[in-house]
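Chain naming here is simple, since letters A, B, ... match the order of the sequence lines and numbering starts at 1 in each. Only a predicted model underlies this, so the values are computations on that prediction, with no experimental measurement involved.
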Amino acid sequence: MRLSKFFGETLREAPSESDSASSQMLARAGYVRQLAAGLYSYLPLAHRSLRKIEQILREEMDAIGGQELCMPVVHPAEIWQESGRWYDIGDEMGRFQDRKGRDLVLALTHEEVVATLCKSEIRSYRQLPQLVYHMQTKFRDELRARGGLIRVREFVMKDSYSLDKDMEGLQSQYVAHYDAYHRIGARLGLDLVAVKSDPGMMGGKTAHEFMYLTPVGEDSLAVCEETGYASNLDVAMFQKIPESSDSQEPLTRIHTPGQSTIAKVAKFCGVSKRQTGKMVFFMGDFGLEHPPRLIAACIRGDMEINELQLRYAVKAQALRPAEADEITAIGCVPGYASFCDIDPSKALLVADDLIPQSANLVVGANEKDWHYTGTNYGRDFTADIIAPIALAYDGAPDPIDGKPLRIVRGIEVGNIFQLGTRYSDTMGATYTDETGEELPIFMGSYGIGVGRALACVAEEHSDDYGLDLPISVAPYHVILVSLGRSGDVHDAAENLYFELLNSGVEVLYDDRPVSPGVKFADADLRGIPLRCTVSSRSLGRGGVEFGRRRSKDLDIIPLDDAVKGIQEGITQCFRKLQQRLEHLPTWASRSKDSQS
RNA sequence: CGGGGCGUAGCUCAGCCCGGUAGAGCACUGCGUUUGGGACGCAGAAGUCGUCGGUUCAAAUCCGGCCGCCCCGACCA
């Protein structure tokens, strides 16, 4: 492609709406343009890169037995009503009606369609297992799209769906994806970390997310390098070590003027925060058939609530922090709320599993400026539910070996879910087994965001001068730059360009009549990994200059050998990337605790 | 949905506080010079100042509603 005829300009300054390095560089380099919040146009450069990512996904899916198909973006509401998600998912679902008033859904994902296809295509155990996949647009009306391309509302996802006759088959397809996703990351030039995750709206039990670790990520993860434990913070476990105590002290009411926070109280009483307890209040939504209920959660003072685990513990559909007047309405004093004086009929009392093991806690006395010391579970108070509702924290002992966890940030590039029979049961996707019995199909679903993958690659592979994409993702392998107006240079560059095209080299040719500085700056910005320069100077030295983007260490290749030399350079880049495949984590090599 | 910020030329922004002639840099067009790391000169084109309403002799500027975009939070595969 000639840059003189190219569609998609570079920008000297990033548009003001972009913030992360990837969004800024992708915008400046002419890859993407924002149309509206969370809606992007992909210009030719990005489109080429996205197609390359898709091809890698295709190859890896085919390698584990996948068959590519294509399912619609617009679905009739009925299938989502059958699965129940029409009712479970709120405003995130794009809904509209056709001219007849029929309810339609913009695909958030495609489990319902796959389950529907199962009904028409799968009858016998002889037809299983199956693995189908497609690259298709999804629409999710996020509360807030953010981070440029990281969280958009419309995006293309590679989603695959495994169909098996039993759990064992599902497990083996799940493992195949687990390993394939690591290979995909390696081929994209990304280190992906598999973490345990919450299945969320997808349903099912076991799920992993494949994370690209970066401080700009929006997910928090708990990882331990020593033991290999890795989990989304939402579902992270950790060992809880009670403060030792030989005896139970008597419950004592003490005056604590102005000591309304845990830090102040601990200091005032001369104890560690680990010897305090605190109460956190939420309003729980239990669905239309049940009234909302106040939830009083108690945890040790040095810890925070894991809202997801609390929500599961109380079986609520949603939680929100309680307002001060909702807390006072049940007779509690915010800042000094007490485990001991709470009326069990007015709130659901939930205690973290560490609380019953913790002796002599300092807690609120339910009156401003007063606390209790020597509070003990069982003697002074009890809870309706005891569950692990504390959030893992940096330095917490990991659940495997007690080694310290680190809390890091990441971007979810892909995810894998063992759905089991959650969709087969609700939608009637069944097969007949050897004995003639009709049984539900075991499903798994596996996604990778194609655009998000590109954003992560851009985030990882860029510098002050622009993108520096791995050869597997770069829209072109080499940029051919001609400098100056001399006829010799022009002829040599034109000839080389046609030779490269004829040899199948993916070349972007900067034939514009602009200054060298502009050409080099644009070449750096666009992130093409290899650069070939033709100029009077290079011809004087015997040919063309060739090397890595921004490298000062350039080879001079005679014109006659230029195509060959460039092809070798491309091969070398691919070979280097290939090395990433050598020591990948696999399912078999992961610790048991990070698997289930 | 709560908190904060922003909306002026294709892009980045100034002007707004203190009301009165709409600006700069980059980009664009023409001519000339220049050609190894975002050149230079001259000339030119380009803006319903997000939108609707209010105040005023007069509104980009003050006031209000709405819309859009960004950030933090809530939520989320």
Side-chain angles (χ1 to χ4, degrees), chain A residues 9-20 23-24 27-28 30 33-39 85 88-93 107-111 138-148 150-153 155 157-159 197-204 207-211 216 218-220 232 234 282-283 285 307-308 311 317-321 323 411-417 419 445-449 452 465-466 481-486 489-490 510 512-525 531 533-541 545 549-550 552 554:
Chain A
E9 294 299 296
T10 55
L11 305 176
R12 196 173 277 234
E13 286 162 298
S16 56
E17 70 266 6
S18 56
D19 59 332
S20 62
S23 328
Q24 289 197 1
R28 283 191 55 207
R33 294 290 179 253
Q34 184 174 10
L35 180 63
L39 301 174
R85 291 205 285 185
D88 298 340
I89 299 174
D91 293 338
E92 195 183 350
M93 182 183 283
L108 298 89
T109 170
H110 283 79
E111 282 77 11
K138 315 285 186 241
F139 181 81
R140 297 181 187 181
D141 197 357
E142 300 288 344
L143 281 177
R144 182 157 83 85
R146 73 176 123 187
I150 305 301
R151 177 162 295 262
V152 294
R153 292 191 291 175
F155 58 99
M157 181 185 255
K158 181 292 297 174
D159 40 330
S197 70
D198 173 45
M201 78 169 177
M202 304 299 295
H208 285 81
E209 293 167 337
F210 285 75
M211 293 284 182
V216 304
E218 53 178 6
D219 282 295
S220 290
N232 195 302
D234 285 344
F282 294 88
M283 282 304 290
D285 176 359
E307 283 193 35
L308 185 74
R311 178 154 70 81
Q317 290 186 358
L319 294 183
R320 64 165 172 81
E323 307 284 344
I411 297 170
E412 180 188 348
V413 176
N415 48 38
I416 57 179
F417 298 93
L419 302 173
S445 88
Y446 317 87
I448 286 188
R452 188 180 279 185
Y465 300 93
V481 178
S482 73
L483 300 182
R485 291 174 304 181
S486 108
V489 169
H490 176 263
D510 195 345
R512 296 174 299 169
V514 297
S515 72
V518 172
K519 291 191 176 191
F520 289 137
D522 277 350
D524 293 347
L525 190 53
R531 190 177 79 197
T533 308
V534 186
S535 66
S536 301
R537 187 195 287 182
S538 78
L539 292 177
R541 288 183 187 167
E545 284 169 7
R549 169 185 176 272
R550 286 193 58 73
K552 296 218 169 70
L554 296 167

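Considering only the side chain of A:Leu143, B:rA74 comes nearest among B:rC69, B:rA74, B:rA77. Taking only side-chain atoms of A:Arg140, from C-beta outward, the nucleotide of B:rA77, B:rA39, B:rU12 with the closest atom is B:rA77. Ranking B:rG38, B:rA77, B:rC69 by closeness to the A:Glu412 side chain, first place goes to B:rA77. Closest to the side chain of A:Thr10, out of B:rU35, B:rC76, B:rG38, is B:rG38.
A:Arg33 comes within contact range of no nucleotide atom at all, as no heavy-atom separation falls under 4.0 Å. Among the heavy atoms of the strands, none lies under 4.0 Å from A:Arg512. If you check every strand for non-hydrogen atoms under 4.0 Å, A:Ser536 touches nothing. Among the protein residues, A:Glu307 comes within range of the sugar-phosphate backbone only, with heavy atoms under 4.0 Å from sugar or phosphate atoms but none that close to a base. Residue A:Tyr465 is out of contact with every strand shown, counting any heavy-atom pair closer than 4.0 Å. Residue A:Gly484 is classed as a sugar-phosphate contact, given heavy-atom separations below 4.0 Å to backbone atoms only. Using a 4.0 Å heavy-atom distance criterion, A:Ala318 is classed as making no nucleic acid contact.
Side-chain contact between A:Ile448 and A:Phe210: absent, with no pair of heavy atoms (C-beta onward) separated by less than 4.5 Å. Looking only at side-chain heavy atoms (C-beta outward), A:Lys138 and A:Asp159 come within less than 4.5 Å of each other. Contact check for A:Lys158 versus A:Tyr446: side-chain heavy atoms found under the 4.5 Å cut-off. For the pair A:Leu108 and A:Arg85, the minimum side-chain heavy-atom distance is 4.5 Å or more. Within the 4.5 Å cutoff, the side chain of A:Arg311 has no heavy atoms near those of the A:Glu307 side chain. Side-chain contact between A:Asp510 and A:Arg531 is absent, with no heavy atoms from C-beta onward closer than 4.5 Å.
A gap of 49 Å separates the C1' atoms of B:rA58 and B:rC75, to the nearest Å. The separation of B:rC62 from B:rG19, taken at their P atoms, amounts to 9 Å, rounded to a whole angstrom. With C1' as the reference atom, B:rA39 and B:rC52 are 47 Å apart, rounded to whole Å. Rounded to a whole angstrom, the distance from the C1' atom of B:rU34 to that of B:rG68 is 44 Å. When the P atom is compared between B:rU8 and B:rG50, the two are found 6 Å apart, to the nearest whole Å. Distance noted for atom P between B:rG53 and B:rA43: 42 Å (whole Å). Using atom P as the reference point in both B:rA60 and B:rC49, the two lie 7 Å apart (nearest Å). The P atoms of B:rU29 and B:rA45 are separated by 15 Å, rounded to the nearest whole Å.
RNA chain B is contacted by both A:Gln34 and A:Leu308; A:Gln34 maps to the nucleotide lying nearer its 5′ end (nearest heavy atom per residue). Heavy-atom nearest nucleotides on RNA chain B were determined for A:Arg28 and for A:Phe155, and the one closer to the 5' end corresponds to A:Arg28.
Rounded to an integer number of Å, the gap from A:Leu525 CG to B:rC11 C1' is 14 Å. Separating the CG atom of A:Asp141 from the P atom of B:rC1 is a distance of 12 Å, rounded to the nearest angstrom. The CZ-C1' distance, from A:Arg153 to B:rC75, rounds to 15 Å in whole Å. In this entry the distance linking CG of A:Asp285 with P of B:rC76 reads 12 Å, nearest Å. In this structure, CZ of A:Arg151 is placed 17 Å from C1' of B:rC70, rounded to the nearest angstrom. Distance NZ (A:Lys519) to C1' (B:rU34): 14 Å, rounded to an integer number of Å. Taking atom CG of residue A:Asp522 and atom P of nucleotide B:rC11, one finds them 18 Å apart after rounding to whole Å. Remark: P of B:rC75 and CD1 of A:Ile89 are 17 Å apart, rounded to the nearest angstrom.
Side-chain atoms of A:Glu111 stay outside donor-acceptor range of the base of B:rA77, with no qualifying N/O pair under 3.5 Å. The base of B:rG73 has none of its N or O atoms less than 3.5 Å from a complementary donor or acceptor on the side chain of A:Arg320.
In this structure a side-chain-to-backbone donor-acceptor pair under 3.5 Å is missing from A:Arg549 to A:Ala523. With hydrogens and angles ignored, the 3.5 Å screen pairs a side-chain donor or acceptor of A:Arg28 with a backbone N or O of A:Leu11.
With a 3.5 Å ceiling on both atom-pair distances, B:rG38 lacks any Watson-Crick or G-U wobble partner. In a base pair of the Watson-Crick type (N1 to N3 plus N6-O4 or O6-N4) or a G-U wobble (N1-O2 and O6-N3), with each distance short of 3.5 Å, B:rG44 is matched with B:rC28. The partner of B:rC49 is absent, by the rule that a Watson-Crick or G-U pair needs both atom distances under 3.5 Å. Pairing for B:rC62 goes to B:rG54, judged as Watson-Crick or G-U wobble with the two contacts each under 3.5 Å. Pairing partner, B:rC69: B:rG5, with both Watson-Crick or wobble hydrogen-bond distances short of 3.5 Å. In this entry B:rU21 has no Watson-Crick or G-U wobble partner, no candidate having both defining distances under 3.5 Å.
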Provide a list of protein-nucleic acid N or O atom pairs under 3.5 angstrom, restricted to nucleotides 26-32 of chain B.
none

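Here B:rU21 is in the syn range [glycosidic angle within 90° of 0].
In this structure, A:Arg311 does not reach the B:rC75 phosphate: none of its side-chain N or O atoms is under 4.0 Å from OP1 or OP2. Checking the phosphate oxygens (OP1, OP2) of B:rA39, a side-chain nitrogen or oxygen of A:Ser515 falls inside 4.0 Å.
In terms of the side chain to side chain donor-acceptor pair (under 3.5 Å) criterion, A:Lys519 has no residue partners (sequence neighbours excluded).
At least one test fails for A:Arg452 against the ring of A:Phe155: distance under 6.0 Å to the centre or angle within 45° of the axis.
Between atom CD of residue A:Glu9 and atom CZ of residue A:Arg33 there is a gap of 8.0 Å, rounded to the nearest 0.5 Å.
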